[in-house]
Every structure is written in structure tokens, then in C-alpha cells.
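In what follows, residues are counted from 1 in the order of the sequence shown.
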Amino acid sequence: MRVMGIDPGITRCGLGVIDVDAARRATLVHVSVARSQQDLATHFRLRTIADAIDDVIATYEPEVVAIERVFAQDNLQSVTTTMQVMGAAMTCVGRAGLPMAVHTPSEVKSAVSGNGNADKAQVQAMVTRILRLAKPPKPADAADALAIAICHAWRGTGLLGAGDDSQVSVSLSGRLTSKGQMTPAQRVWAEAAAAQRRTGAVDPRLKRR
């Protein structure tokens with residue numbers, strides 16, 4: 001399976017493509033960062049990023065695209081523009097007729113590191129290890145895009161516009177269910193995600209005191 005990951009950002013948008021075999025072993029195909037000039041109007045910046053996404057899709061022909069979900073932050077302007085990039089990316093994916101999944105930052109971090117609160121350095125290190133790279137992909141946006149692709153390849157669920165395609169699911173309370181036998185990679189992800197949710201890393205309301 002060929003998966004494309006997108007880490008949405010108005011100044012730097014991470015784009016990563018990986019191949020994953022039946023044993024969930026991931027291999028790097030492409031990684032880049034789409035950049036836009038800060039002195040341009042927002043709609044022109046979005047066009048620049050959308051063009052870059054279209055180019056990667058056309059060149060590397062992914063079978064599915066995964067995008068990181070935007071979470072509210074203190075900087076409202078940053079959230080707004082990131083959401084706009086996410087919308088532009090979704091349009092590109094829809095125009096290409098590809099299935100798409102959206103994963104939260106905690107899901108992505110849990111998938112690659114087993115820690116839903118991992119920092120960027122930890123994510124970079126684990127992406128480097130998983131893809132057997134000589135050095136970490138830079139900038140961090142590039143590593144994040146690859147982590148998103150790895151998360152979806154290993155989790156294999158969460159497709160939008162589809163029925164109940166989930167083979168493995170983790171509830172907000174941390175309960176793990178599977179419709180069939182999990183691969184080793186799926187079990188690592190699922191157990192890490194379940195542990196994080198039980199300690200409130202995904203839903204702060206569940207945080208133990």
C-alpha cells in the first residue's frame with residue numbers, strides 16, 4: 001500500500017509518501033515541504049500549497065492520503081490558516097478521487113513512538129528508525145508528514161466517506177477491540193493508543209489525578 005501523509009501548515013506544509021508491505025514494514029518513497037511566501041494574500045498561498053499537493057499525488061500516485069487533524073491552540077490566527085490548508089488539501093484529495101483519513105496528533109505520536117505526548121525530536125527519531133533512514137528528515141514538518149502516513153498505514157482505519165471500515169478501534173476510555181487478528185504493528189499502535197487514552201493523553205477529561 002502506498003500512503004501519503006500531509007502535515008498542514010500555511011508557511012510549511014509537510015508532504016510524505018511511504019510504501020508499506022503486508023508485514024507493515026514502511027519504506028520511504030518521497031518527502032518534501034511545500035512553502036508559501038508570507039507576503040502573499042492567503043488565497044494565493046493556499047494555491048501554492050495545493051499545487052504542490054497535486055504534484056505529489058500525480059507523481060507518486062498514493063492509494064490513500066492521511067491528514068493530521070488540527071487542534072485548537074492559543075494562536076487563533078494560526079489555527080484558522082492551518083484549517084484553511086487542511087481544507088485545500090482535502091480538496092486536492094477529493095479531486096484526485098482518493099480515499100482519505102484524518103488522525104489526531106496524539107494518534108500519530110502514539111503510532112510511531114508509543115507516547116501520545118512525544119515531542120518533535122522523539123517523532124523525528126522514531127520516523128528515522130522506522131523508515132531505516134541514515135538521518136532524520138528535516139524540517140520537523142517533513143518528519144510529521146511521514147509519521148502521519150505511518151500512523152495510517154499501521155492503524156489502517158479512519159477512512160472518511162466510507163462505512164465502518166475499522167478493524168481495530170480504541171475507545172476514549174482506552175478499551176481496545178478488534179474484528180480480527182491484529183498484525184504486530186497494529187497491536188503496538190493499539191496498545192500504545194489505549195494506554196494513552198486511559199491516562200488522558202487524548203481526552204484531558206480522562207486525566208487521572
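- The two residues Val112 and Val123 make their nearest non-hydrogen contact at CG2-CG1, 4.4 Å.
- Ile150 and Val33 are assigned to two separate hydrophobic clusters, defined by single-linkage of ILVMFWY side chains at heavy-atom distances under 4.5 Å.
- Across Pro8 and Cys13, no two heavy atoms sit closer than the pair CA-SG, 4.0 Å.
- Residues Ile6 and Met4 meet the side-chain proximity criterion, which asks for heavy atoms closer than 4.5 Å.
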### Message
Using the rule given for side chain to side chain donor-acceptor pair (under 3.5 Å), can you reason through Ser36 versus Arg47, listing the C-alpha separation, both sets of side-chain angles and the distance that settles it, and then say yes or no?
### Response
CA-CA 9 Å; Ser36 67; Arg47 181 185 64 183; over 6 Å; no
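- Remark: side-chain polar atoms of Arg24 are paired, donor with acceptor, to backbone N or O of Ala153 under 3.5 angstrom.
- For the pair Met1/Asp19, no side-chain contact is recorded, criterion being any heavy-atom separation below 4.5 Å from C-beta on.
- A continuous path of ILVMFWY side-chain contacts below 4.5 Å connects Val102 to Val85, so both sit in one hydrophobic cluster.
- Nearest heavy atom pair, residue Pro105 against residue Glu68, reads CA-OE2, 3.7 Å.
- Taking each heavy atom of Ala145 and Leu15 in turn, the nearest pair found is CB-N, 3.5 Å.
- Here salt bridge (charged side-chain N to carboxylate O under 4.0 Å, His left out) pairs that include residues 25-44, with residues two or more places apart or in two chains, number zero.
- Closest non-hydrogen pair, Gly5 versus Ala149, comes out as N-CB, 3.7 Å.
- Among all heavy-atom pairs drawn from Val56 and Pro62, the shortest one is O-CD, 4.4 Å.
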### Task
Evaluate the side chain to side chain contact (heavy atoms under 4.5 Å, CB included) criterion for residues Val29 and Arg2: first the C-alpha distance (whole Å), next the side-chain angles of each, then the deciding distance (0.1 Å), finally the verdict.
CA-CA 9 Å; Val29 174; Arg2 177 161 290 186; 3.8 Å; yes
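- Asp141 CG to Asp7 CG: the interatomic distance, rounded to the nearest 0.5 Å, is 5.5 Å.
- Between the side chains of Arg45 and Thr11, at least one donor N or O lies within less than 3.5 Å of an accepting N or O.
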#### Entry: Residue pair Val65, Ile67: steps toward the side chain to side chain contact (heavy atoms under 4.5 Å, CB included) verdict
CA-CA 7 Å; Val65 179; Ile67 302 177; 4.3 Å; yes
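- Looking at Gln38 and Ile10, their side chains never come closer than 4.5 Å, going by heavy atoms from C-beta outward.
- In this view, Asp54 and Arg95 satisfy the salt bridge (charged side-chain N to carboxylate O under 4.0 Å, His left out) rule, not counting sequence neighbours.
- Side-chain contact between Thr128 and Lys135 is absent, with no heavy-atom pair separated by less than 4.5 Å.
- Below 30°, between 30° and 60°, or above 60°: for His30 and Tyr60 the angle between ring planes is below 30°, a parallel geometry.
- Here Lys138 pairs with Gln124 under the side-chain contact (heavy atoms from CB on, under 4.5 Å) rule; sequence neighbours left out.
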